[in-house]
**Student:** 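My questions will all concern the structure given below.
All values below come from the heavy atoms of this structure, side chains included, with hydrogens, waters and symmetry mates left out. The shown structure was predicted, so the numbers you read here are calculated from the model rather than taken from an experiment.
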Amino acid sequence: MATFDISVVPTLADVINHNSPAGGVKDIQDVLEYRKRPLIEEGYWVRASDNTSHEMLINSTRPDATAVRYNMGAPFVNPTQTPKKEQLMRLETNFKIDVRILEKSNDPVKYFRQKKKQAFEGMMDTFAKIALSQGGLGDSSTNELHIDGLLKRRSTLGANCVGLGATGSGTLGSMLVVKWGEEGVFFLHPKDGARTIVEKDVTAGGKEITVYDASGNPYQVLMTNWSWEFGIGVADETCLQRICNIAASGSNSFFDDATYPFKGEDALSDAFSRLPGGNTDNTAIYVGPTMYAQMMKRVRRGTSPITLSDMWGRQMLSFYGVPVLRDDFYAFTESTIS
């Protein structure tokens, strides 16, 4: 049975708490605590070797040993590893609210904090889109300010990206199998951990600033700035698996293929077998709403190893004990991957 205990995984909340023990980013901590968001709740975070990039080694090849007798030597060996440099990227957002809106509120302080949290939630959503390479984000080939998200890193068929055979333009879906950990897939935070997420209250103490509307007319606001620096690392390429070219229904769909009803489950089992040693500890499956609905239907039919299980303090879908996480930004709008 797979195990994934998020209480012992260094998550983003752990990074923030470690670098701001005095509660300097309490609003951020509150949002991370109550909004159980995929990728942020369970993603494994590693300290980068620098503040803007991370030097790492991947694809280790273990050398063979040599049979010898006494008074015989053995050749020198060295595991083969490929150096790789991962860049970190920076997200930034400015939240502002017209002071006249606050004046109309029964509790201006509470209202301001609520709106601040909603603004930061939007930043979390953008992070998810980048991590999943959705909505034109998370693709360094089209925007040099971006890093490559997980789907972009598996954008061609190969050993770790396997298709079910469906074709189409903007009508297909996929799934990700991610094994989190320092020897698998991880997020990166700057070497100076305090730079990971920085909240700057521009109008601390209620000091108003003047901004201008589209017509150039001034008005007064309160303002908060956030910056977030992060990257993605893959230490072992087999720890990031994608099952793609999935139709929404009928032939080559995940669960209702006309001639092969368990085609999707078999593809997931094959993806598990490609993980290092077939070990699914600290592994999660990521799907979008369309795929999640299909998996829920499988639970109702009772004909699949997809079940509802108690994980992380709540009921979740799982496949052979591996949690299935739905992310609403994981769109079912992909085109054929070849």
**Student:** Please examine the side chains of S318 and M311, heavy atoms only from C-beta on, and report whether any two atoms are closer than 4.5 Å.
**Tutor:** yes
**Student:** Is there a continuous path of hydrophobic side-chain contacts, each under 4.5 Å between heavy atoms, that joins V324 to F262?
**Tutor:**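 Different hydrophobic clusters.
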**Student:** Quick check for you: to the nearest 0.5 Å, what is the distance between M89 atom CE and L137 atom CG?
**Tutor:**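 Answer rounded to 0.5 Å: 8.0 Å.
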**Student:** Are the side chains of R90 and W228 in touch, meaning some heavy atoms are under 4.5 Å apart?
**Tutor:** no
**Student:** Are S49 and E55 linked by a side-chain donor-acceptor pair shorter than 3.5 Å?
**Tutor:** no
**Student:** Shortest non-hydrogen contact from V68 to A74?
**Tutor:** CG1-CB, 4.2 Å
**Student:** Under 3.5 Å, is there a donor on one side chain and an acceptor on the other for D281 and T3?
**Tutor:**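 Short answer, yes.
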**Student:** Does Y286 belong to the same Ile/Leu/Val/Met/Phe/Trp/Tyr cluster as W45, with side-chain heavy atoms less than 4.5 Å apart forming each link?
**Tutor:**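 Yes; W45 is reachable from Y286 via cluster members.
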**Student:** Assigning hydrophobic clusters by single linkage (Ile, Leu, Val, Met, Phe, Trp, Tyr; side-chain heavy-atom cutoff under 4.5 Å), is F4 placed with L176?
**Tutor:**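 In one cluster: yes.
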**Student:** Testing the basics here: between T167 and T336, what is the closest heavy-atom pair and its distance to 0.1 Å?
**Tutor:**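 Scanning both residues, the minimum pair turns out to be CA-OG1, 3.1 Å.
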**Student:** Do you know the tightest heavy-atom contact between C244 and I337?
**Tutor:**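 Nearest pair, atom of C244 first, then I337: CB-CD1, 3.8 Å.
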**Student:** Among residues at least two apart in sequence or on other chains, which ones pass side chain to side chain donor-acceptor pair (under 3.5 Å) with D14?
**Tutor:**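 Testing D14 for side chain to side chain donor-acceptor pair (under 3.5 Å), a comparison that skips the adjacent residues, returns T11.
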**Student:** Mind checking salt bridge (charged side-chain N to carboxylate O under 4.0 Å, His left out) for R47 and listing every partner two or more places apart, or none if nothing turns up?
**Tutor:** none
**Student:** As a quick check of understanding, evaluate side-chain contact (heavy atoms from CB on, under 4.5 Å) for T171 and T333, giving each step before the final call.
**Tutor:** CA-CA 5 Å; T171 59; T333 56; over 6 Å; no
**Student:** Check the pair S227, E92 against side-chain hydrogen bond (donor to acceptor under 3.5 Å, both in side chains), reporting the backbone distance first and the verdict last.
**Tutor:** CA-CA 4 Å; S227 61; E92 194 164 337; 5.6 Å; no
**Student:** Please examine the side chains of I130 and T126, heavy atoms only from C-beta on, and report whether any two atoms are closer than 4.5 Å.
**Tutor:** yes
**Student:** For atom CD of Q315, is the number of surrounding heavy atoms from other residues, nucleotides or ligands below 6.0 Å larger than 12?
**Tutor:** yes
**Student:** Could you pull out all donor-acceptor pairs under 3.5 Å where a side-chain atom in residues 181-196 meets a protein atom, sequence neighbours excluded?
**Tutor:**
unit_1 : atom_1 : unit_2 : atom_2 : d
D192   : OD1    : A194   : N      : 3.3
R195   : NH2    : E229   : OE1    : 3.2
T196   : OG1    : G193   : O      : 2.7

**Student:** For the atom pair OG1 (T203) and CD1 (I97), what is the distance rounded to the nearest 0.5 Å?
**Tutor:** 10.5 Å
**Student:** Other than Y260, which residues form its hydrophobic cluster under the rule that side-chain heavy atoms must be closer than 4.5 Å?
**Tutor:**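 Direct or chained contacts put Y260 with none.
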**Student:** Counting only pairs under 3.5 Å, give me each side-chain donor-acceptor contact of residues 146-166, with atom names and distances, residues two or more places apart or in other chains.
**Tutor:**
unit_1 : atom_1 : unit_2 : atom_2 : d
H146   : ND1    : G138   : N      : 3.1
D148   : OD1    : S140   : N      : 2.8
D148   : OD1    : S140   : OG     : 2.9
D148   : OD2    : S140   : OG     : 3.4
R153   : NE     : D148   : O      : 2.9
R153   : NH1    : E86    : OE2    : 3.1
R153   : NH2    : E86    : OE1    : 3.2
R153   : NH2    : D148   : O      : 3.3
R153   : NH2    : I232   : O      : 3.3
R154   : NE     : L240   : O      : 2.8
R154   : NH1    : E237   : OE1    : 3.3
R154   : NH2    : E237   : O      : 2.8
R154   : NH2    : E237   : OE1    : 2.7
R154   : NH2    : L240   : O      : 3.4
S155   : OG     : K152   : O      : 3.0
N160   : OD1    : Q241   : NE2    : 3.0
N160   : ND2    : E237   : O      : 3.3

**Student:** List in chain and number order the residues that pass ring pair (Phe, Tyr, Trp, His ring centres under 6.0 Å) with F272, two or more places apart in sequence or in another chain; answer none if no residue qualifies.
**Tutor:**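 Per chain and number, F272 pairs via ring pair (Phe, Tyr, Trp, His ring centres under 6.0 Å) with F319.
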**Student:** Under a 4.5 Å side-chain heavy-atom rule over Ile, Leu, Val, Met, Phe, Trp and Tyr, are L91 and F329 clustered together?
**Tutor:** no
**Student:** Report the hydrophobic cluster partners of V221, with the cluster defined as I, L, V, M, F, W, Y residues connected by side-chain heavy atoms closer than 4.5 angstrom, directly or transitively.
**Tutor:**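 Via sub-4.5 Å side-chain contacts, V221 links to V202, I209, V211, Y219, M223.
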**Student:** Please step through side-chain contact (heavy atoms from CB on, under 4.5 Å) for the pair E199 and T224, ending with a clear verdict.
**Tutor:** CA-CA 7 Å; E199 178 181 305; T224 299; 3.8 Å; yes
**Student:** Less than 4.5 Å apart, side chain to side chain, heavy atoms only: is that true for I306 and F255?
**Tutor:** yes
**Student:** Mind checking what makes side-chain contact (heavy atoms from CB on, under 4.5 Å) contact with D64, not counting sequence neighbours?
**Tutor:** none
**Student:** State the CZ-NZ distance between F112 and K116, to the nearest 0.5 angstrom.
**Tutor:** 5.5 Å
**Student:** Got a salt bridge between E41 and R314, using NZ or NE/NH1/NH2 to carboxylate O under 4.0 Å?
**Tutor:**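 Judged by the 4.0 Å cut-off on N to carboxylate O distance, E41 and R314 do form a salt bridge.
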**Student:** If the condition is side chain to side chain donor-acceptor pair (under 3.5 Å), which residues does T283 pass it with, not counting sequence neighbours?
**Tutor:** none
**Student:** Can you confirm whether F120 sits close enough to I28 that some side-chain heavy atom of one is under 4.5 Å from a side-chain heavy atom of the other?
**Tutor:** yes
**Student:** Taking atom NZ of K36 as the centre, report whether more than 12 heavy atoms of other residues, nucleotides or ligands fall under 6.0 Å from it.
**Tutor:** yes
**Student:** What closest approach, in Å, do S105 and Y111 show between heavy atoms, and which atom pair accounts for it?
**Tutor:**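 Closest approach of S105 to Y111: OG-CB, 3.5 Å.
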**Student:** One pair to check against side-chain hydrogen bond (donor to acceptor under 3.5 Å, both in side chains): S174 and Y330. What are the steps and the verdict?
**Tutor:** CA-CA 9 Å; S174 66; Y330 198 162; 2.6 Å; yes
**Student:** Do M175 and I285 come within less than 4.5 Å of each other through their side chains, counting heavy atoms only?
**Tutor:** yes
**Student:** Rounded to the nearest 0.5 Å, how far does CG of L39 lie from CE of M124?
**Tutor:**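 Here the rounded value is 10.0 Å.
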**Student:** Do any pairs count as a salt bridge (Lys or Arg N to Asp or Glu O under 4.0 Å) and have a residue in residues 324-337, sequence neighbours left out, and if so which ones?
**Tutor:** R37-D327, R242-E334, R326-D328
**Student:** With rounding to the nearest 0.5 angstrom, report the CD to CZ distance, Q294 to F254.
**Tutor:** 10.5 Å
**Student:** Look up atom OG1 in T290 and atom CZ in F332, then write down how far apart they are to the nearest 0.5 Å.
**Tutor:** 6.0 Å
**Student:** Which residues satisfy the side-chain contact (heavy atoms from CB on, under 4.5 Å) test with K110, sequence neighbours excluded?
**Tutor:** D107, Q114
**Student:** When you compare the side chain of L325 with that of V287, does any pair of heavy atoms fall below 4.5 Å?
**Tutor:** no
**Student:** Given side-chain contact (heavy atoms from CB on, under 4.5 Å), test L222 with L102 step by step and report yes or no.
**Tutor:** CA-CA 9 Å; L222 296 183; L102 296 175; 3.5 Å; yes
**Student:** Considering residues at least two apart in sequence or located in another chain, which fulfil the side-chain contact (heavy atoms from CB on, under 4.5 Å) criterion with P276?
**Tutor:** K179, D236, T238, C239
**Student:** Apply the test side-chain contact (heavy atoms from CB on, under 4.5 Å) to residues I197 and I16: give CA-CA distance (whole Å), side-chain angles for both, the deciding distance (0.1 Å), then the verdict.
**Tutor:** CA-CA 7 Å; I197 298 181; I16 299 302; 3.8 Å; yes
**Student:** Looking at every non-hydrogen atom in both residues, tell me the closest pair between N252 and K263 and how far apart they are.
**Tutor:** OD1-NZ, 2.6 Å
**Student:** Please find the pair of heavy atoms, one from K85 and one from S53, that lie closest to each other, and give the distance.
**Tutor:** CE-OG, 3.2 Å
**Student:** Do the side chains of I6 and V46 join up, straight or via other hydrophobic residues, at under 4.5 Å, putting them in one cluster?
**Tutor:** yes
